[in-house]
Student: 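So that we are looking at the same thing, I have put the structure below in structure tokens.
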Amino acid sequence: MDTTCDICHHTTGADRYLCEACEYRARSWLSGLPGQAELLQDYLEPTAGPAQRGGSGRAHSPLPVDLRVLDLLGPGHPAPLDDPHGDQTAGAPITALLAGWAHYIATDVPIVYTDRSGVLRTGAHLYAAAVPRSGTGITAWSTWLVRYLPYAVTRPYAVPLYEQVQHLQDRIQRITDARPGRRHKQAPCPVCSAFALVEQDGELHIACDACGHRLTATEYTAHRDQVMPALTALALRMITPQKKAAA
Ligand SMILES: [Zn+2]
Ligand SMILES: [Zn+2]
């Protein structure tokens, strides 16, 4: 029985391909996409650099739009992905990638019903295509995918879904440079003792940059309350002899 997350290799439930932390991260990426797309609008026009006198010069005048942004925000074709395991989505626009995945997942969700003897059974597929409640924009598709993510993580295609949304995220961040916020925590790591615990936006856990150990916010608070009084006392003792000498 495989109980390892296919992305981060931490332990997870036997019925899951992604652990809760990776599912949480994928959900953060998906829910953040409408905001990211809005931010991308500001990067549509490439910033004009200063003209270089005496340099090699530019053979062509600069393009009026940043094609990388256009690629991301373009309409594309919201068609089902024939091969979600392939690498055919390298330059897919946000909408097309999300719609493709939504349709793919929709046709995989089984009908769950109770038969006459009261036994829970699964039947043929529930949907022929994904139909978001609010149109076909980035917000509608990302909302749909967030809703079905708990189902998707129990299916083998959870891994290419995760990787393609991550790749999309990387493409956007290369343009906007909007990185998730990171905050260093006060207490040292309970495993390797390094002062390297970091809380990052969009992450389920507080993780150690040095050894990879991870704690929930509740676990961190309990750990901090346990170790910090002793560490603070130690720090105070290191100051005290100077005070005595002065007295
Ligand atoms: Zn994981
Ligand atoms: Zn550590």
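Whatever order the structure lists them in is the order used to number ligands and atoms, beginning at 1. Heavy-atom basis, side chains included; hydrogens, waters and symmetry copies ignored. Worth saying up front: this structure is predicted, and the values here are computed from it rather than measured.
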Student: Please verify the inter-ring angle class for Trp144 with Tyr148; under 30° counts as parallel, over 60° as perpendicular, anything in between as tilted.
Tutor: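 Trp144 and Tyr148: parallel rings.
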Student: Check whether more than 12 heavy atoms from other residues, nucleotides or ligands sit under 6.0 Å from atom CD of Glu219, and answer yes or no.
Tutor: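 Atom CD in Glu219 is crowded, with more than 12 foreign heavy atoms closer than 6.0 Å.
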Student: Starting from the C-alpha separation in whole Å, work towards a yes-or-no answer on side-chain hydrogen bond (donor to acceptor under 3.5 Å, both in side chains) for Trp29 and Gln166.
Tutor: CA-CA 8 Å; Trp29 287 336; Gln166 180 180 36; over 6 Å; no
Student: Would you check if the Zn ion (ligand 1) lies under 2.8 Å from any N, O or S atom of Cys22?
Tutor: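 Under 2.8 Å: Cys22 contacts the Zn ion (ligand 1) through an N, O or S atom.
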Student: Vertex the Zn ion (ligand 1): angle to SG of Cys8 and SG of Cys5, to 10°?
Tutor: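 Roughly 110°, rounded to 10°.
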Student: Using the Zn ion (ligand 2) as the apex, give the angle to atoms SG (Cys211) and SG (Cys189), rounded to 10 degrees.
Tutor: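 Cys211 SG and Cys189 SG form an angle of 110° at the Zn ion (ligand 2).
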Student: Tell me, please, if His213 has any N/O/S atom, main chain or side chain, under 2.8 Å from the Zn ion (ligand 2)?
Tutor: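 No - counting backbone and side chain alike, His213 has no N, O or S atom under 2.8 Å.
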Student: Verify the distance criterion only: is there a donor paired with an acceptor across the side chains of Tyr157 and Asp108 at less than 3.5 Å?
Tutor: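 Short answer, yes.
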Student: Is there an N/O/S atom in Cys19 that lies less than 2.8 Å from the Zn ion (ligand 1)?
Tutor: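 It does; at least one qualifying atom falls short of 2.8 Å.
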Student: Kindly report the SG-the Zn ion (ligand 2)-SG angle for Cys208 and Cys192 respectively, rounded to 10°.
Tutor: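 Value, to the nearest 10 degrees: 110°.
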Student: Between Arg183 and Asp201, is the closest basic N to carboxylate O distance under 4.0 Å?
Tutor: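 Result for this pair is yes, salt bridge flagged.
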